[in-house]
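Since the structure comes first, as structure tokens, the remarks are kept for the end.
Within every chain, numbering begins at 1; the chains are lettered A, B, ... in the order of the sequence lines, protein sequences first and strands thereafter.
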Amino acid sequence: MSDWTLAELERWDERIREKVEAFGLDCYPQEFEICDQNAMLGYMAYHGMPAHYPHWSYGKAYEQTKTMYDHGVTGLPYELVINSDPCLAYLMRDNSLLLQILTIAHVYGHNDFFKNNFTFTSATRASETIAAFKTRADRVRRYIEDPSIGADAVEQFLDAAHALAFCCNRNAAMRKLSPAEQKERAIERARPRPDPFAALHRRVEPPAPDLSRVPLEPDRDLLLFIRDHNRELADWQKDLLTIVDEEARYFLPQIETKIMNEGWASFWHHRILSALDLPPDLHLEFLVRHNQVVSPHRGGLNPYHIGFVVWRDIERRFGGEGSPEAREKLAAVRESERDQSFLRRFLTPELMHELDLFTYKPRGEHLVVSEVSDEEGWETVKAALLARVGSAAIPVVAVVDADYRGTRTLYLRHEHDGRDLDIASAEKTLAHVRTLWGHKVHLETRLKGRPALLTSGPDGFDAKLLV
Amino acid sequence: MSTVFRPYSESDALRSDRSAADRKRHREKLRRALKENIADIIAEESIIGRDRDRIIKVPIRGVREYRFVYGDNEGGVGTGEGSTRPGQIVGKAGQKGEPGTGPAGSDPGVDYYETEITLDELVEIMFEDLELPDLERKALRRLMAERTAKRQGYKKQGIRVHLDRRRTVRSKIRRKIAAGVAALASEGEEPEPFGFRKEDLTYRRLVEEPREESNAVVICIMDTSGSMDRLKKYLSRSFFFLLYQFVRSKYENTDLVFIAHHTEAKEVSEHEFFHKGESGGTLISSGYKKALEIIEDRYHPDHWNVYAFHCSDGDNFESDNAAALEAAAKLCEVCNLFGYGEIKPLGSHYYDSSMLEQFRSLGADNFHSVLIERREDVWPAFRQLMAKERETAA
């Protein structure tokens, strides 16, 4: 069983907090809850939230994690921490004292990151996190209990809404223009440029902008667009779309900063524990555990590993360990970057070589290394890496026309970046979109280099090449 | 800044199983998906001949959550150990959850989802959507399997052990109140002793309930000759496997006999039947004769319901056809149902020879034949046979 008492943890926590303050981390008040494996599995299924609306997918998540855990495929995380104010974290009861100390220090790293990184501060309100999840849960439960709606209708609608959960604007810090502003911009664009040679030749009449089109500019917020433009939806359906969208926006920052966030927490737990003067036995365990956490996953990407290495490199390059310049630089970077920009700016070719980053492609039945991070290859590898971190791993789909050819058909466009969509998933997802929209849905994309149109209509699914 | 530590609370942990309802719902969806794909699943070779409590992995589509994701032929990015060179093999293609699916949020998830289920559970699901054939006929020869007693009402006469004390006492009290004794007692007077009378005594009435069980035997006859190639054997085994699971799950008191034949027939064990292959020519009559012999010896039709099923590719020695037909006719006489499944995988020499043609002249009502051409046919064929059985039973 455990080799620690709560009083001991509190003493260690006090010492850790001294270090946290000395290192200049800026945290929300912290709360720890000790829980056992079952509770941890339960929290994991619901993303750590104390209250969450019910849906079978969370039962599935639970079963999958539990199966993997029972078969020893994966261990449970040492900790689970959620972005809230006060910051809430769960500690596993059966972990050793050292693991608890390490975890507590790690949690303060996340806590500081939540409070300061722009993706979190612009998209979420930490002080309302838990209450917001609770309110949403209550709303969904109310619809389930409403005899005129019922569990099945809610479930079906949620199934469809979940399919589009992350089809939304990725950067909450960039304000979306209101329809009125979009209209202004469209008119502004259509206005003729001042022509210095106006006296010499006749002015070309600019085409009038089509202001009746909905949307005026491609809209990436699919759920919200459907909510606002499908007049056939009932209020509870619109509310479910809002709920799913709000949750997705809450989790998006975590997707966007996985590498930075985990790297940052690992960087600081390492720094804090090194400064704690641990007794030799604990220190040895610390080194072992830390190395496990930040060890490379061969052939894969361990966000803890990559993040840790990059943060350490930034510190080294901008003034060295402990210097005020370096500390200032680290704080600035953790505030204003996300995985995409973080890696683009701070993952140097030398570091890539050190990490031995490579790209691979399927060839026959094998995965074969195509490029490595050498002189010629690093740029390709970096581009491939950037296309896979954060929300870049999720295809961007935007609404182009809500009334295509006057038939209430929803016309979507996939912003193709060289990677084709998986057709089988696209087919099922489009069926979900159709459920939400209530009419035919088109999705324009490219398949094997050629433009293609996927359609989900009353006659089922259809995919055809446009040329 | 102060930190709060909330201690572990055992009672909270025991009380809260918050995901229980969602897990149950997921389980239900899983079951439905299983049912929809049952024809595919039961034809999976790995299932045949397994122990019933063994856990099997079943691929299911339908409980997946879909999103827009990138296709899987795009490769990925990974870290190596410092000496990775172009052209090096780092894994197997087509395996999901392999290296480089990227950090959180980007994982497209496993393509199709495998669930674990015991064979028993699967068989249960399988027969759930099959309307159960009534293997037990109305005019059956029945055995009194067991006598059990069931409580049904009360009576005034009986033996001591059946005495119902509560009712007896209640009856006495009722009488006492009626006699006004209780009212007197409340006024402080010395109550007279008030004893039980014979009419108070109430006994439980027990009714004997005979449980009737039918005596049934299912005879599985399989052609194991050389012309039965791997695929054909596999198809017939799947068919028998279904039959076998079905009979075992529904009729506890049912005997099963396995007969394998080529030019000679012999009775084999269940394991041999499902696992062993043989070769040689085909004399279908041999299998039938063996079945008749066994029926004669052990399962006299006066006492047993006999069901016989035969699977073959119909590639019989022509000289044997007459004998086979004759034996089949005899089998029909002693059996409640005699089923014949012809296994003709598409692409095999379809018109070479077929017992289906031969059996057409067999006039018996209780003879039924089905044709199995591919894996997917096994389940419908089985259903068809069972449906026929229902008709004749009705």
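No more than 12 heavy atoms of other residues, nucleotides or ligands sit less than 6.0 Å from atom NE2 of His353(A).
For a residue to count as touching a neighbouring chain, one of its non-hydrogen atoms must lie under 4.5 Å from one of that chain's; by this rule Leu91(A) touches chain B with the side chain only. Heavy atoms of Asp159(A) lying under 4.5 Å from chain B belong exclusively to its side chain. When heavy atoms are compared at a cutoff of 4.5 Å, Leu41(A) does not approach chain B at all. With a threshold of 4.5 angstrom between heavy atoms, Ala392(A) approaches chain B through N, CA, C or O but not through any side-chain atom. Only the backbone of Ala51(A) has a heavy atom closer than 4.5 Å to any heavy atom of chain B. For chain B, the nearby part of Leu88(A) is the side chain; its heavy atoms alone come within less than 4.5 Å. Residue Leu454(A) does not touch chain B at all, counting heavy-atom pairs closer than 4.5 Å. Proximity to chain B involves both the backbone and the side chain of Ala384(A), based on heavy atoms less than 4.5 angstrom apart. At a 4.5 Å heavy-atom cutoff, Cys87(A) makes no contact with chain B through either its backbone or its side chain. Of the two parts of Tyr43(A), the backbone and the side chain both hold a non-hydrogen atom closer than 4.5 Å to a non-hydrogen atom of chain B. Both the backbone and the side chain of Phe358(A) come within less than 4.5 Å of a heavy atom of chain B. Looking at Glu354(A), there are no atoms closer than 4.5 Å to chain B (heavy atoms on both sides), in backbone or side chain.
Separation of atoms NE2 (His26(B)) and NE2 (His55(A)) is listed at 11.0 Å; rounding is to 0.5 Å. Interatomic distance, CZ of Arg25(B) versus CG of Asp152(A), reported as 6.0 Å (0.5 Å rounding). A distance of 9.0 Å separates OG in Ser9(B) from CD in Glu33(A), rounded to the nearest 0.5 Å.
Within the 4.5 Å cutoff, no side-chain heavy atoms of Arg23(B) are placed close to those of Lys66(A). Residues Tyr70(B) and Asp417(A) have side chains in contact (heavy-atom distance under 4.5 Å, counting atoms from C-beta outward). Asp13(A) has its side chain within reach of Phe5(B): a pair of non-hydrogen atoms, C-beta onward, lies under 4.5 Å apart. At least one side-chain heavy atom of Arg85(B) sits under 4.5 Å from a side-chain heavy atom of Asp374(A). Residues Tyr360(A) and Thr84(B) form no side-chain contact, since every pair of their non-hydrogen atoms from C-beta on lies 4.5 Å or further apart. Counting only heavy atoms from C-beta outward, the side chains of Arg67(B) and His162(A) approach each other to under 4.5 Å. Between Lys29(B) and Lys60(A), every side-chain heavy-atom pair lies at or beyond the 4.5 Å cut-off.
Closest heavy-atom contact between Pro296(A) and Thr79(B): CB-OG1, 4.0 Å. Minimum interatomic distance between Leu301(A) and Gly78(B) (heavy atoms only, all atoms of both residues): CD2-CA, 4.0 Å. Pairing each heavy atom of Phe68(B) with each of Pro395(A), the nearest pair is O-CD, 3.2 Å. The two residues Pro86(B) and Ser370(A) come nearest to each other via the heavy atoms CB-O, 3.8 Å. Annotation for Pro7(B) and Leu6(A): closest pair CB-CD2, 3.6 Å, computed over non-hydrogen atoms.
By number of non-hydrogen pairs under 4.5 angstrom with chain B, the leading residue of Gly42(A), Pro86(A), Ala163(A), Ser57(A) is Ala163(A).
Counting only distance, with no hydrogens or angles, the side chain of Arg18(B) and the backbone of Pro50(A) share a donor-acceptor pair below 3.5 Å. The backbone N or O of Glu81(B) lies less than 3.5 Å from a partner atom in the side chain of Asp356(A), making a donor-acceptor pair.
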